[in-house]
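Have a look at the structure below before the remarks.
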Amino acid sequence: MQLYELGVREIAEGIREKKFSALEVFDECLHRTLACEGKMSALITTTADAGRAHARRVDEQIAKGGALGLLAGVPVILKDNICTHGIRTTAGSRILGRWAPPYSATVWELLSSAGAVLLGKSNMDEFAMGNTCGTSAFGPTANPWDVSRVPGGSSGGSAASVAAGYVPFALGSDTGGSIRQPASYCGIYGLKPTYGLVSRYGLIAYGSSLDQIGPFARSVEDMDLLMHVLARHDPKDSTSVDKSEIDFTRREKSRQPEKPLKGKRVALVKEFRDFTLDPPIADAMKRLIRIFEETGADIVEVSLPTVARYAVACYYAIAASEAHTNLARFDGVRYGYTVTTASDLKDMFEEVRSKGFGAEVKSRIIAGTCLTEPVRSEEYYVAATRVRTLIAEEFRKAFENVDCILQPVTPSLPAKIGEADEDAMKGYESDLYTLPVNMAGLPGFSFCTGYSQSGLPVGLQLVGPRWSDKNLLDMGFELEKILGTPKIAQRGN
Ligand code: GLN
């Protein structure tokens, strides 16, 4: 077993027990990264020197016998919309192509004070808008299971790098599926936490009422450990909630090991039955229903008519409206890319934003501007927010009697690079299974069920009521015993 194949806990323990050093781990992960990057392009920035220096400091601390953080010496990759003090953070955009933030996101503060070592910043759809990584100003990322295919998005670079073994974990952000969908396409775990559980301070905002940061990893135990570090109340984020009573590190032993999920009620969504799924995903649904039944869970049905009918349209109206406000700050004065040729201020704004933003971002800004104009906002933006309330209420009612919903992450397996971005509407519609979760602020856990005949990972997700993140991971832990842990993709070699 190579060091880069180890998980978060194994690396942290091995370093603590001096089986190997933090520098050895970092160098092996870096070596693996450099060997795969030529084909994958999962990273925008590699922080080799700073990372090696940090790993050395961890080793010095160990030599001195000093106190160690939970993640001491564990390499990590962060999505490039998570601010890292002094390290370029681009959000996948030309407009921030050279911007180095003067502060760090709270999540990076938490990880680095637990001892995690940064290996790089990952590629993503520009400002997290997209689901292929194809809208990045830095070019596409490849799926490590088949480099002619997309890794998903927008956090595609983070998912691909964990799947290919660059690092044992990474962070992404999920506004309408951007953690769960790439996790599914790359065959690893991804959790979109309940809105408010993980601080958004220092995350470059897309749709602030929808955005949430979360982890990618290759074992449920690693996901527990990461949530233990990340789920902290943050006074710098007014939507952060103190949920210190949730103990992600504790797991009750099941009293009936042969029926560990006895008493759990797992729901299927009635309206989703009418939608077509690629055969491997439909088969995975059938298989998981059987597994749940065999492990003692009850399979029931819930009805989410408003979600099925209106969620996609309402999400895109709300996300675009919030995005146009959030992106107004990129004007060539306060941040990043600027021009010196403009004759006046208006000219300058126009030139900077025309050249700095890509087509998808521009189309969302224009849509958001139109939808929130005073003459139209009541009819569109405000109407969408009202429907959003109905969607949240529909989920709340559904969860009165069930523990979680089992559903697809996407209707199809990853498309070929280039092809996926041709039909934008189709792309938006494929988010049907992920974005309602953000509209209602719920947790969603994406896991790998196995592989298609063509060798592509097939993921599904569990969705639960607010603050049931731990329960979803507990169920994931039982499923992992049957499905096995996610494998590292070898084809990126
Ligand atoms: N695909 C969705 C969008 O483009 C979701 C992206 C995300 O979760 N950041 O808005």
Side-chain angles (χ1 to χ4, degrees), residues 78-82 91-93 122-136 141 150-159 170-186 190-193 195 198 200 203-216 311-327 357-368 371 384 388 408-412 414-415 420-421 423-446 459 461 463:
L78 301 176
K79 185 177 182 180
D80 211 19
N81 58 354
I82 296 174
S93 181
S122 64
N123 198 20
M124 55 179 284
D125 284 296
E126 186 177 7
F127 284 101
M129 297 173 193
N131 46 26
T132 60
C133 258
T135 72
S136 168
T141 290
V150 301
S154 62
S155 316
S158 284
L171 295 190
S173 67
D174 191 313
T175 305
S178 278
I179 291 175
R180 289 160 288 152
Q181 185 256 29
S184 167
Y185 279 5
C186 293
L191 178 71
K192 182 256 160 214
Y195 186 80
V198 175
R200 286 182 300 113
L203 170 70
I204 296 175
Y206 162 16
S208 314
S209 74
L210 303 156
D211 299 338
Q212 192 65 190
I213 293 175
F216 293 99
V312 174
C314 289
Y315 165 86
Y316 277 98
I318 292 170
S321 301
E322 294 190 15
H324 109 278
T325 309
N326 276 325
L327 271 55
F357 290 134
E360 184 63 31
V361 171
K362 280 181 202 158
S363 82
R364 308 265 186 125
I365 292 174
I366 292 167
L371 294 166
R388 180 182 189 172
V409 183
T410 58
S412 45
D421 299 308
D423 185 347
M425 244 353 261
K426 209 171 153 214
Y428 299 160
E429 280 163 7
S430 73
D431 291 343
L432 167 69
Y433 298 110
T434 49
L435 51 81
V437 172
N438 303 66
M439 294 181 82
L442 308 174
F445 175 60
S446 172
Q461 70 175 317
V463 175

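First listed ligand is number 1; within each ligand, the first listed atom is number 1.
For Ala384, the side chain to side chain contact (heavy atoms under 4.5 Å, CB included) partners two or more places apart in sequence, or in a different chain, are Cys314, Ala317, Ile318. Residues passing the side chain to side chain contact (heavy atoms under 4.5 Å, CB included) test with Ala440 are Ala392, Phe395, Leu442, sequence neighbours excluded. Here Ser184 pairs with Val409, Ser446 under the side chain to side chain contact (heavy atoms under 4.5 Å, CB included) rule; sequence neighbours left out.
Within 4.0 Å of ligand 1, heavy atoms belong to protein residues Ala128, Met129, Gly130, Asn131, Ser154, Asp174, Thr175, Gly176, Gly177, Ser178, Tyr206, Tyr315, Tyr316, Arg364, Asp431.
Ser154 places no side-chain N or O within 3.5 Å of a backbone atom of Met124 that could act as its donor or acceptor partner. Between the Asp431 side chain and the Gly177 main chain, no donor and acceptor come within less than 3.5 Å of each other.
Judged purely by distance below 3.5 Å, without hydrogens or angles, the side chains of Thr135 and Glu126 never pair a donor atom with an acceptor atom.
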